[in-house]
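Here the structure comes first, spelled out in structure tokens, and everything after it is commentary.
Note that the coordinates shown come from a computational prediction; the quantities given were computed from them, not determined experimentally.
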Amino acid sequence: LRETGMRSSALEIEITESLLLDATPAIEVMLGELSASGVRIALDDFGTGYSSLAYLKRFPVDVVKIDRSFIKDLPVDRSSAAITSAIISMAHALQKRVVAEGVVSAEQTLFLRDLGCDELQGYHLAKPMRAAELAVFVRRMAGRIGNDDAHEGRRTKAPVRAAGRR
């Protein structure tokens, strides 16, 4: 951050549950220092491997990223729907943002929006792209959000924000 001059609040790092499984006191201190400086910490692939709710209490996690294995069968699979709903509710109760990974359909988007998911990530929103393509995509999306809706005479709002890989 010092070398680039970037604001710490503009940085979000992703860590996996497996990193936390073997977290040493040094890692815990480092994550605490990063968080105290304003860097956001996202817990990636939540719900896989050796999930522990204690991680959400012990470590300074700002964002919970629900693993695509729970998203892929939404909204049809009742178990996936129940688990996803519970993760979103729990994370919000703990004042954490929630990102759903692997969103590939409009049905999943609507379902997750109705559950209150904060951000979506997946091919339904955009496929991986080069930097030049990203610039065009961002300009195009910025033009869509906040434009007047000709049919209803009101401003449109995006129900959730598309999450990019950082």
side-chain contact (heavy atoms from CB on, under 4.5 Å) partners of [X], counting only residues at least two apart:
X: Ala86; answer: none
X: Ala126; answer: Met129, Phe137
X: Ser37; answer: Ser8, Val39
X: Ile83; answer: Phe70, Ile87

Please report the interatomic distance [atom1]([X]) to [atom2]([Y]), rounded to the nearest 0.5 Å.
X: Leu74; Y: Leu115; atom1: CG; atom2: CG; answer: 8.0 Å
X: Lys96; Y: Ile88; atom1: NZ; atom2: CD1; answer: 15.5 Å
X: Asp114; Y: Thr109; atom1: CG; atom2: OG1; answer: 11.0 Å
X: Arg68; Y: Thr48; atom1: CZ; atom2: OG1; answer: 11.0 Å
X: Leu125; Y: Met141; atom1: CG; atom2: CE; answer: 7.5 Å

Validation row: [X], [Y] side chains within 4.5 angstrom (heavy atoms):
X: Glu12; Y: Asp62; answer: no
X: Leu120; Y: Gln108; answer: no
X: Val98; Y: Leu112; answer: no

Point to revise | side-chain contact (heavy atoms from CB on, under 4.5 Å) between Glu17 and Asp45, intermediate numbers included | key: CA-CA 7 Å; Glu17 287 182 310; Asp45 301 331; 5.6 Å; no

Which donor-acceptor pairs under 3.5 Å do side chains of residues 18-34 form with protein atoms, sequence neighbours excluded?
unit_1, atom_1, unit_2, atom_2, d
Ser18, OG, Thr16, OG1, 2.9
Thr24, OG1, Ala26, N, 3.4
Thr24, OG1, Ile27, N, 3.2
Glu28, OE1, Arg58, NE, 3.2
Glu28, OE1, Arg58, NH2, 3.0

Exercise for review: Dump the intermediate steps for side-chain contact (heavy atoms from CB on, under 4.5 Å) on Leu43 and Ile15, then the final yes or no.
Suggested key: CA-CA 5 Å; Leu43 184 55; Ile15 56 174; 4.3 Å; yes

**Study point:** Residues Val61, Leu94; criterion side-chain contact (heavy atoms from CB on, under 4.5 Å); working and verdict
**Key:** CA-CA 10 Å; Val61 172; Leu94 294 169; over 6 Å; no

Exercise for review: Taking all non-hydrogen atoms of both residues into account, name the closest pair between Glu101 and Ile71 and its distance.
Suggested key: O-CG1, 3.2 Å

Check your understanding: Cluster question for you: counting only ILVMFWY and a side-chain heavy-atom cut-off of under 4.5 Å, with indirect links fine, are Leu1 and Ile41 together?
Key -> yes

Point to revise | CA sep, side-chain torsions, deciding dist, call: Glu107, Val76, side-chain contact (heavy atoms from CB on, under 4.5 Å) | key: CA-CA 10 Å; Glu107 293 80 15; Val76 178; over 6 Å; no

Review point. For residues 69-78, which residue pairs qualify under side-chain hydrogen bond (donor to acceptor under 3.5 Å, both in side chains), counting only residues two or more places apart or in two chains?
Key: Asp67-Ser69, Asp77-Ser80

Review point. Where the side chain of Lys65 meets the backbone of Ala42, is there a donor-acceptor pair that is under 3.5 Å apart?
Key: no

